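Report on the following structure.
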Amino acid sequence: MDSEASSAYLLLLQSLSQIPIDHYLIATAFAIIVYLYNFIECHFLEDFFSGFRGSPVELTYNSCSQIYHGVVSNCKILHGKYLATPWLSTPHIQTCFLNFFGRPPVFNYKRQLFTTPDGGTLALDWLMASDVSGGAVRTDSVVSEHEYTPIVVVIPGLTSDSSSAYLKHLAYHTAKRGWNVIVSNHRGLGGVSITSDCFYNAGWTEDIRTVINYLHKEQPETTLFLVGTSIGANVLIKFLGEDGENIPVAGAVAVCSPWDLLIGDRFITRRRVQKFYDRALAVGLQGYAKLHQPLFTRLANWEGIEKSLSIRDFDDHATRIVGKYETVDTYYRRCSSSIYVQSVSLPLLCISALDDPVCTREAIPWDECRANKNIVLATVKHGGHLAFFEGITASSLWWVRAVNEFLSVLHSSQYMHVQKKMSKPSIPVHSSIDQGPYVNVTEDGMVAALNKEPTMDNVEELHVIQDTHEIHASVPEEKVNELDELVTNAKSDDSSGVAQTSSADDGMVLDVIKPLKRYVGQLSRQSRWSFWLLVYIAITTSWPLVGSMLYFVLGKKVRDILLGGLGRR
């Protein structure tokens, strides 16, 4: 029996040896191709057998949403199909091609160095509509030729700045439509030094809030739109949720948001191909830290930063420490934009690719987006991370066209958001946007100055406006005008006193504190009746408990006193 079995195996081996070696090589190559095809999530065959018709855009929205019925329903691109460039039929190749090539249009920004109230420096890179329109007269000022020309403010992704290919695609094609674009670079990026002890992170909304309020103060009649990409989309949604209706922004678009940072952290370390992105982004963060090594050495764990192999490692040794979060998971939970979706109160379009290799579809808050009437979620089956290349030459990005169409339709509709509570400027607003400092940023990284050195005047005015703006959100409507008058009077009354102080910082503090003290005092005098009403309610509601405690504690002494009195009688 054993001899028969061994002879059978021998015959099988002899038969296999008769097969030409070329056939084995072909079979091996085929197996490798099948493995790689699935490993890189290629969908070329799927597109081929569908006749390269593309996949439809899936829209998630509330059935009562006016934003959908009045705006998105008129967007042809969002109701069409998306077909990826055939030779980029994989999210990984699309994403890598965008970062290494990208084919961005060629143009130069004009740079404005903006100083924040805490002393930080932001690079605001402007691209005016006149800079890309043929035959237009170009000037060194970044002031719009028409005060009412809409402005699109862009928040870049992690370690990205205005020179990134996808941002250049967005800025150029938006300016081509006749609008002005500002790329609000994160702190320490865009070739600008960090000038304060504060760095940006996935939940840092203070900078974009400062920029938006500044632009609105400088050009109150100009329509402002916001576009966030990747981590910038997370910052955008969190900002919209934090401020609710009290934002001078007409509409916004979030592209490839990570939504839930904790889920994203688990996802990016799950598979080998995702770990490649994790490592690549960690290297980018390390490069960012090395640009500002003295500050990171003083404020964070520099030795840990150098040894970081993942985003989580970097966040543990740098972001968490500088941001004063207890743990990395605490940072991820508090800064995730998904918990702010329900509070978004202005038109918001969210675009995500279901095969995004960086920001997983598992983190998308489908139900929360559907419940909010102000949000429309557009998901595409393919596209990668911020790529969405289309056409045989891969010369354009689908999401850029979708963003511009949505904002254009929204701008021509009646559904643009209008700020409910508008804080008046504490001093007359003069257009100082052309006072610089502005520089030309060329392709080779050279910077050419166009105007004079920066001043702190705009920062001082903005600081006062932000503080009064916060008070308006917490007091009744009838107090708003009263507060504005107080702030204006305080400005004029204290102008001479501020000029005599030893530093500009002391003057800024006086400008803010004096009107606040006056207002609080006046408010407290006029609201005494409500204070005593609250005291009365507190006493009446807590008296049964307090009375019982007094009875048990002081009951014996009271009885002794009463009996002693009766005895004397």
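Since the model is a prediction, treat every value here as computed from it, not as a measurement.
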Answer yes or no: does atom [atom1] of [X] have more than 12 heavy-atom neighbours from other residues, nucleotides or ligands under 6.0 Å?
X	atom1	value
Phe48	CZ	no
Phe276	CZ	no
Arg271	CZ	yes

Problem - Side-chain donor-acceptor contact under 3.5 Å, His92 with Tyr277 - result: yes
Practice task
Report yes or no: do Thr149 and Asn180 form a side-chain donor-acceptor pair below 3.5 Å?
Solution key: no
Which residue pairs pass the salt bridge (Lys or Arg N to Asp or Glu O under 4.0 Å) test with at least one member in [range], sequence neighbours excluded?
range	answer
residues 379-406	Glu46-Lys381, Glu390-Arg401
residues 332-345	Glu326-Arg334
residues 249-260	none
residues 346-356	none

Problem - Ionic contact status for Arg312 with Asp329, cut-off 4.0 Å - result: yes
Practice task
Run the salt-bridge test on Arg266 and Glu362 with the 4.0 Å N-O cut-off and return the result as yes or no.
Solution key: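 Salt bridge: no.
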In chain order, what residues pass the side-chain hydrogen bond (donor to acceptor under 3.5 Å, both in side chains) check against [X], with sequence neighbours excluded?
X	result
Thr330	Thr327
Asp367	Arg370
Ser50	none
Thr319	Asp315

Practice task
Using salt bridge (Lys or Arg N to Asp or Glu O under 4.0 Å) as the criterion, list what pairs up with Asp47, not counting sequence neighbours.
Solution key: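 Not a single residue meets the salt bridge (Lys or Arg N to Asp or Glu O under 4.0 Å) criterion with Asp47.
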Practice task
For the pair Arg187 and Asp207, evaluate salt bridge (charged side-chain N to carboxylate O under 4.0 Å, His left out) and give the outcome as yes or no after the intermediate values.
Solution key: CA-CA 9 Å; Arg187 298 189 181 207; Asp207 286 347; 2.8 Å; yes
Testing the basics here: between [X] and [Y], what is the closest heavy-atom pair and its distance to 0.1 Å?
X	Y	answer
Ser257	Ser352	N-OG, 4.4 Å
His69	Ser65	CD2-O, 2.9 Å
Arg111	Ser162	NH2-OG, 4.2 Å

Problem - Test side-chain contact (heavy atoms from CB on, under 4.5 Å) applied to Val181 and Val154, step by step - result: CA-CA 7 Å; Val181 182; Val154 183; 4.0 Å; yes
Exercise for the section: Just grab all the ring-ring contact (aromatic ring centres under 6.0 Å, His included) pairs involving residues 322-377, residues at least two apart or on different chains. Expected result: Tyr325-Tyr331
Practice task
Only counting residues at least two apart or in another chain, list the ones meeting side chain to side chain contact (heavy atoms under 4.5 Å, CB included) with Tyr172.
Solution key: Pro105, Phe107, Val132, Lys176
Handout entry: Residue list, side chain to side chain contact (heavy atoms under 4.5 Å, CB included) with Asn372, at least two apart or on another chain
Key = Val344, Asn374, Ile375
Exercise for the section: Look at the rings of Phe199 and Tyr288 and say which category their plane angle falls in: under 30° parallel, 30 to 60° tilted, over 60° perpendicular. Expected result: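 It falls in the perpendicular class, over 60°.
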Problem - Verdict with reasoning, Trp179 to His411, per ring-ring contact (aromatic ring centres under 6.0 Å, His included) - result: CA-CA 11 Å; Trp179 291 7; His411 183 250; 5.4 Å; yes
